[in-house]
Visitor: 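Mind having a look at this structure? Questions to follow.
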Amino acid sequence: MMCSLWRGSLLTLTSSLNRRVFQCCRQLGRSYNIASCMPEAVAFQGVSDHSGLYKFSVNESDRFWGAVARQRLSWISPFHTVQNCDFSQGKIKWFEGGKLNVSVNCLDRHVQTCPERVALIWERDEPGTEVKITYRQLLELTCRLGNLLKRQGVRRGDCVTIYMPPCPLAVASMLACARIGAAHNVVFAGFSSEALADRIRDAQSSTVITVNQGVRGGKVVDLKRTVDQAVQNCPSVQQVLVAMRTENTVAMTDRDVPLEEEMMKEDVVCEPVAMDSEDVLFLLYTSGSTGKPKGLVHTQAGYLLYTSLTHRYVFNYHDGDVFGCVADIGWITGHSYIVYGPLCNGGTTVLFESTPVYPNPGRYWEMVERLGINQFYGAPTAIRLLLKYGDEWVQNYNRSSLKTLGSVGEPINTEAWEWYHRVVGDGRCPVVDTWWQTETGGICIAPRPSDPEAEIVPGMAMRPFYGIKPALLDTEGEVLSSNDSTGALCISQAWPGMARTIHNHHQRFTETYFHPYPGFFFTGDGAHRSKEGYYQIVGRLDDVINVSGHRLGTAELEDVVNQCPGVAESAAIGYSHDIKGEGVYVFVVLKKAVMVEEDVLAQQLREMVSRSIAKYACPDFIQVVRCLPKTRSGKIMRRVLRKVVERNTDELGDLSTLDDPDSVHEVISGHRRLCGDGKQQ
Ligand code: 6R9
């Protein structure tokens, strides 16, 4: 299904550079010494074990991050200040004065030492058709694309929107932006044309890069058509670069540029721009508790350093390992652990185009065997799904290459964790439940790194990473200093990977993350700290639903539902779902005198939601009610609705503030009618 030009362009871009053996600095000592934790730590006086190193990283944060940044990144000019941060203003600056180029750090320096090492393994939808791209080839692709973008008028500081499935040209597009000093805005290729248009407009992109069609789970998706619809409402867009993922031609207009054809005309050398540490590297939109997704901004040096360090130490990634993160590049997990972390470390990283069940539920493990994957990083929702298909799909394949298993995106329940550990990892691979967010840039809490062989408790993220100082705060804003307590998860000092602002909305940035608990970065999650001092994430405290690891704001969804003809108002609630983690339940109040069959309404609503947001946002249940339970001041009592949906009606709590207490009984009986008397799901 691959266009010959596509394959040709990847394979013919070869030149002969001398290969040099890449020496890694693996520590061979048997006894536990600090260098086995982190070679850089040898320079930190008085540090002799993991807990000493952790303490040093938070207490002497300038020295820690300064040393690591000098050693791990290639600088064009050195930085003069390690950090310059003030949470009260939402000011976060790292490595000021420094200049570097992210694409040079991810490509050129590895091409110098090991040009023929595989950088990307593109695991295409059809099993057994993977394409390998070496560092030398990826640099050439990136340079040609960088030159093409410049020819098309893209300048330093512009923002290019990328709407592509995981593929080498998507990675090269991201790196080409970095090379020429443009920011990228990758939009998950499952988003609808309206969601894409919103993001293009907010980012003010004049250039969009896409593919003619995507291929996923054996199905062809017309991505270019979605872009065509989106750009109709995006006056800023002047050109759309179209790569050919399939051989099917698509209608091209004057605005469209055939990507492979034009990039083949470009030179394979493209001078990297010297970027300031705090120049923008990318925007990435994510849902929050208002109707409008926010474009979080990440910058150059701090982000790159943080992703590379976490990739190296959370997963114990070593030179020569094959790293398999099965996320989509459209999410932060793909940015940090498919692209920037692994490539900065000179790693070999897998780009997974398919689904966990295509062509059958053995897909992941067949791929692990065929590609020799050493670290596998996936989402609990997929693990829960595969668990239901039974152990045989796993045991049919040789998984002896696996060394570390990772989980991300949502809480992993004990059953799924145990299965992942026992069946997938044969009980021999550490499972790292990694907690982090688009806002944090990289992993903040995970069982590793730690002392060698330190215990891992199932379903717990456990230990803060170097430089991360978590705090739990109660509703009064007091810090909970003892163990065995639960509160709002905050982080009390800056780290290099954190987001710098919300694109064009710095005030929203400070209000969302720094005002709720002055002096702290507020994550939006709740967490428990065990008696032993380990962290366990409880879930979101704000109005964000986590569907299969995808963030969805209830306000964002309600905005769409409320636009449906006949709908007066609505309330979207997340409820626990045994595979997706959370499902979406929507209560709808119809306008007076509107009569509509509930099935018809439900279908209309689902269509609207997939058109306006994405398929994953479609409600599982839609219940029509006469009115919503509200406080006298008019606030919807979501807590009450959630209890109804979760069948905890004995614990409805104080209803005395309700405007119309009868509405709750109506909601309960309507819910029973819709879902039956049995337990949900
Ligand atoms: C990386 C990513 C972030 C939200 C986060 C939290 C949830 C992520 C988790 C987890 C429990 C984990 N989350 N990892 N909850 N355990 N290991 O997923 O980023 O898409 O921004 O979502 O996901 O609620 O706040 P993002």
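Ligands are counted one by one from 1 in listed order, and the atoms in each one are counted from 1 as well.
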Visitor: Check Thr333 against ligand 1 and report side chain, backbone, both or neither, counting heavy atoms closer than 4.0 Å.
Guide: side chain

Visitor: May I ask you to identify the nearest protein heavy atom to atom 4 (C) of ligand 1, giving residue, atom name and distance to one decimal place in Å?
Guide: Arg540 NH1, 4.0 Å

Visitor: Between Trp331 and His335, is the ring centroid distance below 6.0 Å?
Guide: no

Visitor: Are Ala461 and ligand 1 in contact, using a heavy-atom cut-off of under 4.0 Å?
Guide: no

Visitor: Tell me whether the centres of the aromatic rings in Phe87 and Phe521 are closer together than 6.0 Å.
Guide: no

Visitor: Ring centres under 6.0 Å, that's the criterion: do Tyr337 and Trp436 meet it?
Guide: yes

Visitor: Any N or O on Gly549 sitting closer than 3.5 Å to an N or O of ligand 1?
Guide: no

Visitor: Examine ligand 1 and decide if any of its atoms is less than 4.0 Å from a heavy atom belonging to Trp436.
Guide: yes

Visitor: Would you tell me whether Ser277 and Gln300 have side-chain atoms, one donor and one acceptor, within less than 3.5 Å of each other?
Guide: no

Visitor: Please write down residue, atom name and distance for the protein heavy atom closest to atom 7 (C) of ligand 1.
Guide: Gly409 O, 3.3 Å

Visitor: Among all protein non-hydrogen atoms, which one is nearest to atom 12 (C) of ligand 1, and what is the separation to 0.1 Å?
Guide: Glu410 O, 3.5 Å

Visitor: Within the 4.0 Å heavy-atom shell around Val408, which atoms of ligand 1 are there?
Guide: 1 (C)

Visitor: Is it the case that ligand 1 has an N or O less than 3.5 angstrom from some N or O of Asp433?
Guide: yes

Visitor: Any N or O of Asp525 that comes nearer than 3.5 Å to an N or O of ligand 1?
Guide: yes

Visitor: Which protein non-hydrogen atom lies closest to atom 22 (O) of ligand 1, naming both residue and atom, and how far is it?
Guide: Arg551 CD, 3.2 Å

Visitor: For Ile332, take its heavy atoms, then give the atoms of ligand 1 lying under 4.0 Å from any of them.
Guide: 1 (C), 19 (O)

Visitor: Distance only, no hydrogens: is a donor on one side chain within 3.5 Å (strictly under) of an acceptor on the other, for Asn316 and Thr404?
Guide: no

Visitor: Any N/O of Thr523 closer than 3.5 Å to an N/O of ligand 1?
Guide: no

Visitor: Kindly confirm or rule out an N or O of Gln437 lying under 3.5 angstrom from an N or O of ligand 1.
Guide: yes

Visitor: Please give me the minimum heavy-atom distance between His318 and Arg312, naming the atom from each residue.
Guide: NE2-NH2, 3.7 Å

Visitor: Counting only heavy atoms closer than 4.0 Å, does ligand 1 sit against the backbone of Thr438, its side chain, both, or neither?
Guide: both

Visitor: Supply the atom-to-atom distance Ile373 CD1 to Ile121 CD1, rounded to the nearest 0.5 angstrom.
Guide: 7.0 Å

Visitor: Show your reasoning for whether side chain to side chain contact (heavy atoms under 4.5 Å, CB included) applies to Val547 and Thr381.
Guide: CA-CA 9 Å; Val547 185; Thr381 188; over 6 Å; no

Visitor: Judged by modelled atom types alone, do His506 and Thr501 share a side-chain donor-acceptor pair under 3.5 Å?
Guide: yes

Visitor: Do we get Arg216 above Tyr358's six-membered ring, with its NZ or CZ under 6.0 Å from the centre and within 45° of the axis?
Guide: no

Visitor: Heavy-atom distances under 4.0 Å decide this one: backbone, side chain, both or neither, for Asn546 against ligand 1?
Guide: side chain

Visitor: Check whether His505 reaches the backbone of Arg508 with its side chain - one donor and one acceptor, N or O, closer than 3.5 Å.
Guide: no

Visitor: Of the protein's non-hydrogen atoms, which lies at the shortest distance from atom 11 (C) of ligand 1, and what is that distance?
Guide: Pro411 N, 3.2 Å

